[in-house]
Number of protein chains: 2
Amino acid sequence: MDLERSISALNNPVRRKIVEWLKDRSNFPPALPEHEGLEGVCVGYIQEKANLSQSTISNYMGLLKQAGFVIAERHGQWTFYRRDEDNIKAFFDAVQKELL
Amino acid sequence: MDLERSISALNNPVRRKIVEWLKDRSNFPPALPEHEGLEGVCVGYIQEKANLSQSTISNYMGLLKQAGFVIAERHGQWTFYRRDEDNIKAFFDAVQKELL
DNA sequence: TCCATATATTTAGATATCTCGATATTATGG
DNA sequence: CCATAATATCGAGATATCTAAATATATGGA
């Protein structure tokens with residue numbers, strides 16, 4: 001739980017939105033048939049929704065992953081990102097403990 | 001509740017420390033006799049503890065104030081800062097609502 | 001009024017973050 | 001193997017943040 005890194009990752013409105021969007025898969029287009037049953041959302045869908053360049057979103061997802069907010073799983077050419085609920089809770093606990 | 005501004009204010013280890021220190025008045029030297037009964041801690045004490053320049057701390061306190069984490073009250077030449085517990089809670093609620 | 005003290009504001013150089021285009025990497029299908 | 005697609009990484013210019021020194025403002029006391 002690196003609070004510095006986590007807060008820094010959240011210090012951007014689009015990155016916060018992405019974490020929020022990932023709460024509900026239906027915020028994105030339906031998965032391809034061959035991806036049925038896989039958890040998470042691929043980078044392309046996130047990029048489309050965020051409307052920023054591919055490299056920016058890939059970078060964002062890397063930051064969110066390092067911060068522990070999302071888990072990445074590669075399947076073929078796709079990387080699927082999903083929330084890491086346990087780490088997200090741990091972050092809240094840490095912030096609360098430090099500040100509240 | 002400007003989440004952007006609040007997270008930005010917390011995106012610095014010393015500023016977070018200051019908010020934490022202010023939880024307990026005894027983290028600072030005792031108040032001057034003429035300040036007995038006044039709430040908060042003067043900028044000089046905070047600066048001493050943080051060990052950064054006067055202008056930096058003054059700037060920090062301004063950011064924390066704009067973000068709603070502290071309340072400033074001037075008494076004579078001194079400005080006393082104390083936590084704004086209600087706003088701090090509101091911040092947590094907002095983050096939780098958005099992310100959790 | 002003049003001076004000392006506490007804090008705020010201004011200014012600026014150093015460093016970090018943002019965002020993109022270009023390129024590299026990895027995987028798939030023919 | 002080649003072409004294509006999805007994602008990651010690199011490099012760079014624009015913008016923001018950090019932090020301090022210098023200066024300004026406000027107050028209190030001699």
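First the proteins, then the strands, lettered A, B, ... as listed; each starts at 1.
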Self-check item: Partner of B:Leu64 under side-chain contact (heavy atoms from CB on, under 4.5 Å), chosen from B:Asn12, B:Ile18, B:Ile71
Solution: B:Ile18
Quiz item: For B:Lys65, does the NZ atom sit with more than 12 other heavy atoms under 6.0 Å from it, leaving out its own atoms?
Solution: no
Practice problem: On DNA chain C, check which nucleotide each of A:Trp78 and B:Val41 is closest to and give me the residue with the more 5' one. | Solution: B:Val41
Quiz item: Among all residues two or more places apart in sequence or in another chain, which pass the side-chain hydrogen bond (donor to acceptor under 3.5 Å, both in side chains) test with B:Arg25?
Solution: none
Starting at atom [atom1] of [X], determine the distance to atom [atom2] of [N], rounded to an integer number of angstrom.
| X | N | atom1 | atom2 | answer |
| --- | --- | --- | --- | --- |
| B:Leu63 | D:dT17 | CG | C1' | 10 Å |
| A:Lys65 | D:dT7 | NZ | C1' | 12 Å |
| B:His75 | D:dA26 | NE2 | P | 18 Å |
| B:Arg15 | D:dC18 | CZ | C1' | 9 Å |
| A:Gln47 | D:dA5 | CD | P | 15 Å |

Quiz item: What is the 5' to 3' range of DNA chain C, first to last nucleotide, that sits under 4.0 Å from any heavy atom of chain A?
Solution: C:dC18 to C:dT28
Quiz prompt | Polar side chain donor-acceptor pair, B:Ser53 to B:Thr56, under 3.5 angstrom | solution = yes
Exercise. May I ask you to verify whether the side chain of B:Gln77 and the base of D:dA26 hold a donor-acceptor pair under 3.5 Å?
Key: no
Self-check item: Donor-acceptor contact below 3.5 Å, side chain A:Tyr81 vs main chain A:Ile46
Solution: no
Quiz item: Between SG of B:Cys42 and CD of B:Glu73, what distance do you get to the nearest 0.5 Å?
Solution: 13.5 Å
Practice problem: Please determine which of B:Arg15, B:Lys17, B:Arg16 meets the salt bridge (charged side-chain N to carboxylate O under 4.0 Å, His left out) test together with A:Glu4. | Solution: B:Arg16
Name the pairs: protein N/O against N/O of nucleotides 8-14 of chain D, kept only if under 3.5 Å.
from	atom 1	to	atom 2	distance (Å)
D:dA8	OP1	A:Thr79	OG1	3.4
D:dA8	OP1	A:Tyr81	OH	2.9
D:dA8	OP2	A:Ser58	OG	3.0
D:dA8	N7	A:Gln54	OE1	3.4
D:dA8	N7	A:Gln54	NE2	2.8
D:dA8	N6	A:Gln54	OE1	2.9

Quiz prompt | B:Phe91 vs B:Leu3, side chain to side chain contact (heavy atoms under 4.5 Å, CB included): CA-CA, chis, key distance, verdict | solution = CA-CA 7 Å; B:Phe91 164 75; B:Leu3 201 54; 3.7 Å; yes
